[in-house]
Amino acid sequence: MLARRFGAQWVLRGVSLELRSGVAAGLVGANGSGKSTLLRLLCTLLRPTAGTASVFGADIASEPDRVRELVGFFSPVPGVYEDLTAMENIRFAATMLGRPAGSAASALERTGLASVANERVRGFSSGMLRRLSLARLLVHRPRLLLLDEPYNNFDAPGTALLNDVIRETLAFGGSALIVVHDVASAMPVVNEWFSLTGGKMSPSAAIPVGSPSPSIIPALGMSGVLH
Amino acid sequence: MAFRDEWLRARAVAWKDLMAERRSKAGFNSVAALGVTILVLFGFALGPDAEAIRAAAPGALWLAALFAGVLAFNRSYQVELDGGALEPLLMYPGARRSIFAGKLLANFVFVFLLLVIVIAVSLVLFHITVPSTWPRLLLVVLLGEVGLVTLGTFYAAMASRSRAREVLLPLLLFPMLVPVLLAAMQATKALLVGDVMHDAGAWTNLLVAYDVIFLISTFLAFDYVIEA
Amino acid sequence: MTAAAAFTLEVPNPGRWPIFGWFAVLFLAGAQITAFAISPPDRDMGDLQKILYVHVPTAWNMGICYLLVAIYSFRFLWKRDDRDDLIAASAAEVGTLLNGLTLVLGMIWARPTWGVWWVWDARLTSTLIMFLVFAGYLALRAFVEEPDRRALWSAVAGIMGAINYPIVYMSVRWWRTIHQVQSTPSTLDPTYTFSLRLNAVAVLFILIYFIRRRYEAALTERVAEQVSQAAALGGPLNA
Amino acid sequence: MPEMIASNGYYVAAAYAVGWLCILGYLLRLHSLLRRSREALAHAKTIGGAP
């Protein structure tokens, strides 16, 4: 029963979710319902006040290092260094992730930023910034994708690219948890839907479940292993 | 194996900080200018009498490095805070002390360049003749700088992320720096006159002890600081 | 919702602490009067020595406060219990008060004894440095609003500050010292040491009372903060 | 040198005065802090309507 308290307010009161590998789960909920808190807990940016969660067997509280290896967080804030060029940013990410330097070039290629690789990020448009953080995700190749409103101000090719990356991750046995308002864009990839209201999570029957394998998700504590 | 990864990560963090600093140029020039300004002010404060200025030179030199250095410490986290890059940095796997090590390295290089300027200017302004013991003096300057940069980078990790950072960093940092500054100033003073009293050695050993204590304690504490 | 309930903070009730408060004040008065009564006039210091009966105990108890700050800061880092954070903060505030008092009393003692208000001596200077270190600690707590971050950072600052005290003391001591060589109580005549210890215990009672009530106020304020936050963000805390 | 001894008396008196001033001052601060925090709690409870 994962919970996180800010001061007094239980932002998450007992979220239980078990995500099987190869599954992309869509998460909807009003603003302030704790969606991004859940993501930030899963990627070890926040410590849970109560309860546990494990990502592919790695417990977020006791084994944060293993979790960080497995989890990629795609947030609305790109979080890149404006004084560095696109290539320098991604190469820095590759070094920090222990990935080969060459992976930076191919990631920029794939996200269509090869032409601006040596330009400083300061002048980039918001769409280009999103591609840059997607490139960072490509270098990382995490097994669990945590996507926070990924489709916002992303053009059509960008959305297609993002869904490709999600499918590739599911293909190699990874999973994705996508916090989203724009349900339509996520429809092609998401096969389960959940809603989060008032810090509590429940399988959301309201949204038609378009998943090819409608597996019933037991409402186990988040301590259920995502495998 | 793990140590090599941590070193690679630390070096990458240091390189990133220094590159961002070099690109924004304004940073170093303004900090160096401040250091020189402080030296000049010391000259005015202590009056034209050469003897008085020469006696106060060690103190002036280290205080100029301190006040100018404080600006550099807060700035070193600004590169993360401006672009919201702190969270991605915290999400890379690997021990977080490599982030601290990287920032430490970058600040050490930055403050070293600052010290080169401050020392050169003070040699001129304060009519200091380079003593025969200058190698030991260089060692003391480096050891003093290690203490300054270690504590400065550590406390800036907190101050840079809270309100009124310009006030909070000096308030947290200066009292903690008293032992390091005291030892550095005394050793510098002794060595500037050729260490006739032979007490520079004692102060230098003290400086080494302080650096070790503060390096160990800040490396252990950094994980808690950066986690919040 | 037991998990949630375990983490909410209960409001402390004053209980019999106010009575202890009165007892501590009276005990201090009594200790000072006894010290006056039984202490023989010191040959050279005249009755200046009486200042030491309040200066030295205050200094000792200041040390105890800073030790408490370090202990509860460590406990907080280990257990992450908000109460430890609030105790450390209360001990730091009381410690800083005693620190300031020690400095003022030191100056009042230095003036007639050495003819100057301030003396760059090892103990006085390191006490002054500690005052500045914990002024920084209190400023850090004031500047950081977010409770979790404030607690974590002040725990670290408190520990680093406590580590620094012996270091500052040793370095200033080698720099110079004309302070009375730390006369271990045993070397002085017994009535003097008895008076010192009696007053030290008295100040200790005051210290305990101050910290406990300051902690009570801080905890009540934190619970109020939580209750109002919970209300504002929907639903009482342990619904 | 009676004058020397006499003036010492001022310093001793000053020391104890400062001592007690600090204690009484802090007691007042405690009193107001306790009162204010209890008021804040009562106020918070009325808004929250917590049980």
Non-hydrogen atoms of chain C under 4.5 Å away: do they reach the side chain of D:Leu33, the backbone, both or neither? both
With C:Ser126 via side-chain contact (heavy atoms from CB on, under 4.5 Å) - residues at least two apart: C:Tyr165, C:Val168, C:Tyr169
Any salt bridge between D:Arg29 and C:Glu93, counting N to O under 4.0 Å? yes
Where on C:Val25 is there a heavy atom nearer than 4.5 Å to chain D: the side chain, the backbone, both, or neither? both
For D:Tyr11 versus C:Arg111, what's the shortest heavy-atom pair and its separation? OH-CG, 3.3 Å
Testing the basics here: between C:Ile51 and D:Val12, what is the closest heavy-atom pair and its distance to 0.1 Å? CG1-CA, 3.8 Å
Between D:Tyr26 and C:Phe210, is any pair of side-chain heavy atoms under 4.5 Å apart? yes
Of D:Ala42, D:Cys22, D:Ala13, the largest count of non-hydrogen pairs under 4.5 angstrom with chain C goes to D:Cys22
For the atom pair OG1 (C:Thr220) and CG (D:Leu34), what is the distance rounded to the nearest 0.5 Å? 7.0 Å
Is the number of heavy atoms from other residues, nucleotides or ligands under 6.0 Å of C:Trp22 CH2 greater than 12? no
Show the nearest heavy-atom pair for residues D:Ala40 and C:Ala224, with the distance to one decimal. C-CB, 3.8 Å
Interatomic distance, D:Leu27 atom CG to C:Arg213 atom CZ [nearest 0.5 angstrom]: 9.5 Å
What is the distance from atom OG of D:Ser37 to atom CZ of C:Arg222, rounded to the nearest 0.5 Å? 13.0 Å
Rounding to 0.5 Å, atoms OH (D:Tyr16) and CG (C:Leu105) come to a distance of 9.0 Å
What parts of residues 26-34 of chain C touch chain D if we use heavy atoms and a cut-off under 4.5 Å? C:Leu28, C:Ala29, C:Gln32
Of the backbone (N, CA, C, O) and the side chain (C-beta and beyond), which part of C:Phe36 lies under 4.5 Å from a heavy atom of chain D, both, or neither? side chain
Contacting region of C:Val223 [heavy-atom separation from chain D under 4.5 Å]: both
